K.L.:
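Sharing a structure with you now.
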Amino acid sequence: MTPVHFSFTSAFMLGLMGLAFHRTHLLSALLWLEGMMQSLFIALALWAMQFESTMFSAAPMLLLAFSACEASAGLALLVATARTHGTDRLQNLNLLQC
């Protein structure tokens with residue numbers, strides 16, 4: 001495994017572990033997800049550049065567009081949660097209660 005592959009793999013795994021173990025606030029969970037998406041974008045962009053094929057050149061931009069949509073939906077949920085519950089702590093949210 002090259003150092004470049006190791007760095008992107010470790011960045012993704014760090015984001016995954018942060019998402020799994022540090023879920024106190026909704027904002028921190030969204031930041032961990034965004035970090036994971038950024039590491040996937042950079043890895044996919046370098047993979048497309050390595051193969052020098054035009055077929056894979058649109059894939060990183062498509063992933064970046066979906067990442068932006070995911071971030072905007074997450075921020076909208078964060079604002080809605082903060083307005084209704086007064087906090088973004090995940091322990092205070094009960095999904096079974098309206």
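Keep in mind that this is a model prediction, so the values were computed, not measured.
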K.L.:
Side chains of Leu78 and Thr81: closer than 4.5 Å at any heavy-atom pair?
P.N.:
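No, too far: nothing below the 4.5 Å cut-off.
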K.L.:
For Thr2, what residues pass the side chain to side chain contact (heavy atoms under 4.5 Å, CB included) criterion, not counting sequence neighbours?
P.N.:
Val4, His5
K.L.:
Using the side-chain contact (heavy atoms from CB on, under 4.5 Å) rule, pick out the option among Leu26, Val79, Leu30 that qualifies with Asp88.
P.N.:
Leu26
K.L.:
So do Leu33 and Glu70 actually touch side chain to side chain, heavy atoms under 4.5 Å?
P.N.:
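Contact flag for Glu70/Leu33 side chains = yes.
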K.L.:
Distance from Gln38 atom CD to Phe12 atom CZ, nearest 0.5 Å?
P.N.:
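It is 13.0 Å, given to the nearest 0.5 Å.
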K.L.:
Answer with yes or no whether the hydrophobic clustering places Met36 together with Met17; edges join I, L, V, M, F, W, Y residues whose side-chain heavy atoms lie under 4.5 Å apart.
P.N.:
no
K.L.:
Rounded to the nearest 0.5 Å, what separates atom OG in Ser39 from atom CG in Leu16?
P.N.:
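The CG atom of Leu16 is 10.0 Å from OG of Ser39, to the nearest 0.5 Å.
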K.L.:
With rounding to the nearest 0.5 angstrom, report the CG to CD distance, Leu75 to Glu34.
P.N.:
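CD of Glu34 is found 8.5 Å from CG of Leu75.
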K.L.:
Using every non-hydrogen atom in the two residues, find where Pro60 and Ala45 come nearest and quote the distance to one decimal.
P.N.:
CG-CA, 3.6 Å
K.L.:
Indicate if Leu77 and Leu27 have the same hydrophobic cluster label, given that clusters are the connected sets of ILVMFWY residues with side-chain heavy-atom separations under 4.5 angstrom.
P.N.:
no
K.L.:
Heavy atoms, side chains only, cut-off 4.5 Å: are Leu46 and Phe8 in contact?
P.N.:
yes
K.L.:
Taking atom CD as the centre, does Glu52 end up with more than 12 heavy-atom neighbours from other residues, nucleotides or ligands that are less than 6.0 angstrom away?
P.N.:
no
K.L.:
Among the clusters formed by ILVMFWY side chains lying less than 4.5 Å apart, do Ile42 and Phe51 turn up in the same one?
P.N.:
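Result: yes, single cluster for both.
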K.L.:
Could you go through Leu44 and Trp47, starting from their C-alpha distance and side-chain angles, then the distance that decides it, and tell me whether this counts as side-chain contact (heavy atoms from CB on, under 4.5 Å)?
P.N.:
CA-CA 5 Å; Leu44 192 60; Trp47 182 65; 3.7 Å; yes
K.L.:
Checking Ser7 now: which residues fulfil side chain to side chain contact (heavy atoms under 4.5 Å, CB included) with it, not counting sequence neighbours?
P.N.:
none
K.L.:
Tell me, do Leu40 and Leu63 make a side-chain contact under 4.5 Å, heavy atoms counted?
P.N.:
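SC-SC contact between Leu40 and Leu63 confirmed.
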K.L.:
For residues Ser28 and His22, report the shortest heavy-atom separation together with the two atoms involved.
P.N.:
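Minimum heavy-atom separation between Ser28 and His22: OG-O, 3.5 Å.
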K.L.:
Just wondering, do Leu64 and Met37 contact through their side chains at under 4.5 Å, heavy atoms?
P.N.:
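Side-chain contact under 4.5 Å: no.
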K.L.:
So which heavy atom on Met61 is nearest to which on Phe41, and how close?
P.N.:
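Smallest interatomic distance, heavy atoms only, reads N-CE1, 4.4 Å.
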